[in-house]
Amino acid sequence: MIVLIISLLRLLSLAFGHPIESRIWKRDIESHETEDDGTKPLVYLTISSLASQSKNEEDRMLELNWDRTTPNATDEDARINLFDRDPLENASEPLVSVRPRASGYFRTSIRFPEQNFTSNSLSDACLHFWIAYVQNGEILSSNCLRARPNWMYQARSVIGNFSLMDLMIPGTHNTGTYSAFDRFDDTIFNRYLITQEENVWNQLVYGIRYLDLRVAYHTTSKSPERLWITHSSFVTDISVKAVMRQVKVFLDSTNEIVIMDFHRFVNGFKGRRAARRHQELVTLLEEELGNYLIPVSFTSWANLSTLWDTGKRLYVGYADESTRRQSSSLFPAIKHLWGDVDAVNALKSYLNQTVCRQRNRRLTSAMAQLTPTTAGAIFNTYGGLRNMADHVNREVTRWFRDEWSHCANIVATDFFLGNNIIEVSIETNKRRQLE
Ligand SMILES: *[C@@H]1O[C@H](CO)[C@@H](O)[C@H](O)[C@H]1NC(C)=O
Ligand SMILES: *[C@@H]1O[C@H](CO)[C@@H](O)[C@H](O)[C@H]1NC(C)=O
Ligand SMILES: *[C@@H]1O[C@H](CO)[C@@H](O)[C@H](O)[C@H]1NC(C)=O
Ligand SMILES: *[C@@H]1O[C@H](CO)[C@@H](O)[C@H](O)[C@H]1NC(C)=O
Ligand SMILES: *[C@@H]1O[C@H](CO)[C@@H](O)[C@H](O)[C@H]1NC(C)=O
Ligand SMILES: *[C@@H]1O[C@H](CO)[C@@H](O)[C@H](O)[C@H]1NC(C)=O
């Protein structure tokens, strides 16, 4: 019944028009490290998950975030400024300037364009925008938006002895249901289907290392592919092969370690034909990514140095037990800490009870997003997953930075550029010590 109603909504929704034009802005400038000594104000930029059909309020608006304001934060001369150049070189004429308030957050009307990263120009240089906390004309702290294509390998002297289990790892929930916002295709169906704005390649370049994948078996006259990414039972037009190819380009062009979690199999994976279809998926995996698969014999406790030395940099979790047992390179699916709640407080209380209880048994992902109820989705009481991500993403950054950084393993979010989990993970791993 529910499936029927949503399918109806999908049919009713018309798709027309052209994608919004966008420009890429990129500037190479020397790297901008933010040393956190625990006292300086923290500033960081995020990209809003909110999107609107109205012409002047688009999507991908830059957000200013700050924490630990100075005691004089209410002073006239305390400012959070946005720049299109490095304020350490020239801090005059900010694009946006706001007084720090308790909320620690301001959504600007400046759009951050889609980035078209290419494999031969991967870099963690600042991407056009900087934020600074300025007081009495002095820059107390600054930061910028940037990709993190090599963060693991760059930290090898610190994390070489760590296993994936010892790290904090940024991930995405429903990694494969990605699509850029399209004002002309902003249907209720899409509002509850799409969880990410960036494709898998971009996710990896920005620093995501955990991919949560749900697969359906589905034949169509439009494509020879039979294995597709799905969200619940709604099949997308993104094939599993397309996702694997994006992962392969990333592994080919970096020395990073990636976790692919085939977490759920829906439509077409039940009954007599299931075993054969799983075999089709495993064969595809071996063809596309076979050289990178970490053998199960390494165990989940293999240290990163071993993975680098052997070039085995793809950890695959697989939710079907009988298929997994027949393979020498499929690990158990990653354990999900999933609260299945639609309110921020309920999510916090669930994660507070679970995140720090799981350490060092198996790879575990805190699912740090809200989940709509079916009725709520049909009647659109939440305004869509973009709105739900907006409610929780800012909080998620603070929870995992201030409360659970000592024990979090994987943290998976929706519309991940709306939180700062990638930077929080990188900084946390530098401070962690092996027990
Ligand atoms: C980036 O890719 C998008 C989507 O293909 C395209 O619309 C845009 O023009 C590209 N930007 C640049 C600067 O090439
Ligand atoms: C805060 O205000 C006090 C008193 O006005 C002043 O002495 C101090 O230098 C100020 N601190 C900063 C960081 O501006
Ligand atoms: C700083 O930037 C402003 C605005 O772009 C410019 O007018 C000014 O000349 C720059 N100052 C220096 C010292 O480069
Ligand atoms: C790993 O541990 C070994 C033995 O305790 C130590 O000698 C080595 O320096 C460590 N390496 C890294 C990268 O931390
Ligand atoms: C990593 O694991 C290997 C194999 O267990 C071990 O020999 C090595 O000392 C560990 N540490 C490093 C930094 O390689
Ligand atoms: C989190 O858990 C601790 C005890 O483990 C408790 O004291 C605290 O109140 C909890 N916080 C929230 C927000 O649930």
Side-chain angles (χ1 to χ4, degrees), residues 25 27-30 32 67 79 81-97 104 108 110 126 128-132 134 137-139 142 144 151-167 255-257 294-313 315 331 337-360 363-364 366-370 391-409 411 419 429-430 432-435:
W25 292 326
R27 209 173 93 167
D28 279 313
I29 206 127
E30 72 191 56
H32 226 250
D67 274 306
R79 288 280 166 178
N81 290 346
L82 177 72
F83 296 95
D84 59 0
R85 68 187 114 78
D86 190 343
L88 297 177
E89 293 175 2
N90 181 347
S92 61
E93 298 179 35
L95 300 172
V96 174
S97 181
T108 73
I110 294 179
C126 294
H128 197 75
F129 291 104
W130 285 257
I131 179 175
V134 182
E138 189 194 346
I139 296 172
S142 67
C144 67
W151 70 262
M152 287 177 148
Y153 196 61
Q154 280 170 344
R156 63 191 176 281
S157 66
V158 182
I159 62 177
N161 280 346
F162 287 41
S163 70
L164 291 172
M165 217 97 78
D166 301 313
L167 290 174
N255 218 347
E256 299 295 282
I257 295 153
I294 299 174
V296 176
S297 60
F298 278 28
T299 81
S300 300
W301 285 270
N303 61 38
L304 302 193
S305 295
T306 301
L307 304 182
W308 282 315
D309 289 347
T310 55
K312 303 298 181 193
R313 294 186 282 117
Y315 183 105
F331 287 86
L337 303 177
W338 180 46
D340 191 12
V341 292
D342 64 358
V344 175
N345 286 343
L347 181 65
K348 180 166 192 195
S349 131
Y350 169 79
L351 292 174
N352 190 41
Q353 284 162 35
T354 52
V355 171
C356 288
R357 296 228 174 119
Q358 306 293 329
R359 196 132 163 75
N360 263 323
L363 282 174
T364 301
M367 305 311 285
Q369 70 285 319
L370 301 178
H391 290 155
V392 83
N393 265 338
R394 275 184 286 293
E395 305 301 326
V396 164
T397 302
R398 296 196 175 105
W399 298 340
F400 284 90
R401 185 193 63 206
D402 300 339
E403 299 186 40
W404 309 319
S405 68
H406 58 294
C407 43
N409 184 198
V411 183
N419 62 56
N429 290 328
K430 288 184 191 159
R432 273 196 183 167
Q433 317 227 303
L434 287 180
E435 278 132 33

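Whatever order the structure lists ligands and atoms in, that order sets their numbers, starting from 1. Residues: numbered from 1 along the sequence shown.
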Handout entry: Backbone of D166 reached by a side-chain donor or acceptor of N409 within 3.5 Å
Key = no
Exercise for the section: Could you list which atoms of ligand 5 come closer than 4.0 Å to a heavy atom of S305? Expected result: 12 (C), 13 (C), 14 (O)
Exercise for the section: Considering the heavy atoms of N161, write down every atom of ligand 5 situated less than 4.0 Å from one of them. Expected result: 11 (N), 12 (C), 13 (C)
Handout entry: Any side-chain donor near an acceptor of the partner, T306 and D309, under 3.5 Å
Key = no
Problem - Side-chain donor or acceptor of W308 paired with backbone N/O of Y153 under 3.5 Å - result: no
Exercise for the section: List for me each residue that meets ring-ring contact (aromatic ring centres under 6.0 Å, His included) alongside W404, sequence neighbours excluded, and say none if there are none. Expected result: W399, F400
Handout entry: K348 N/O under 3.5 Å from ligand 6 N/O
Key = no
Problem - Step-by-step salt bridge (Lys or Arg N to Asp or Glu O under 4.0 Å) determination, E403 to R398 - result: CA-CA 8 Å; E403 299 186 40; R398 296 196 175 105; over 6 Å; no
Completion exercise
Applying side-chain contact (heavy atoms from CB on, under 4.5 Å) to S92 and not counting sequence neighbours gives R85, N90
Problem - Contact residues of ligand 3, where a non-hydrogen atom lies under 4.0 Å away - result: R85, N90, S92, E93
Handout entry: Under the ring-ring contact (aromatic ring centres under 6.0 Å, His included) test, residues paired with F83 that sit two or more places apart
Key = none
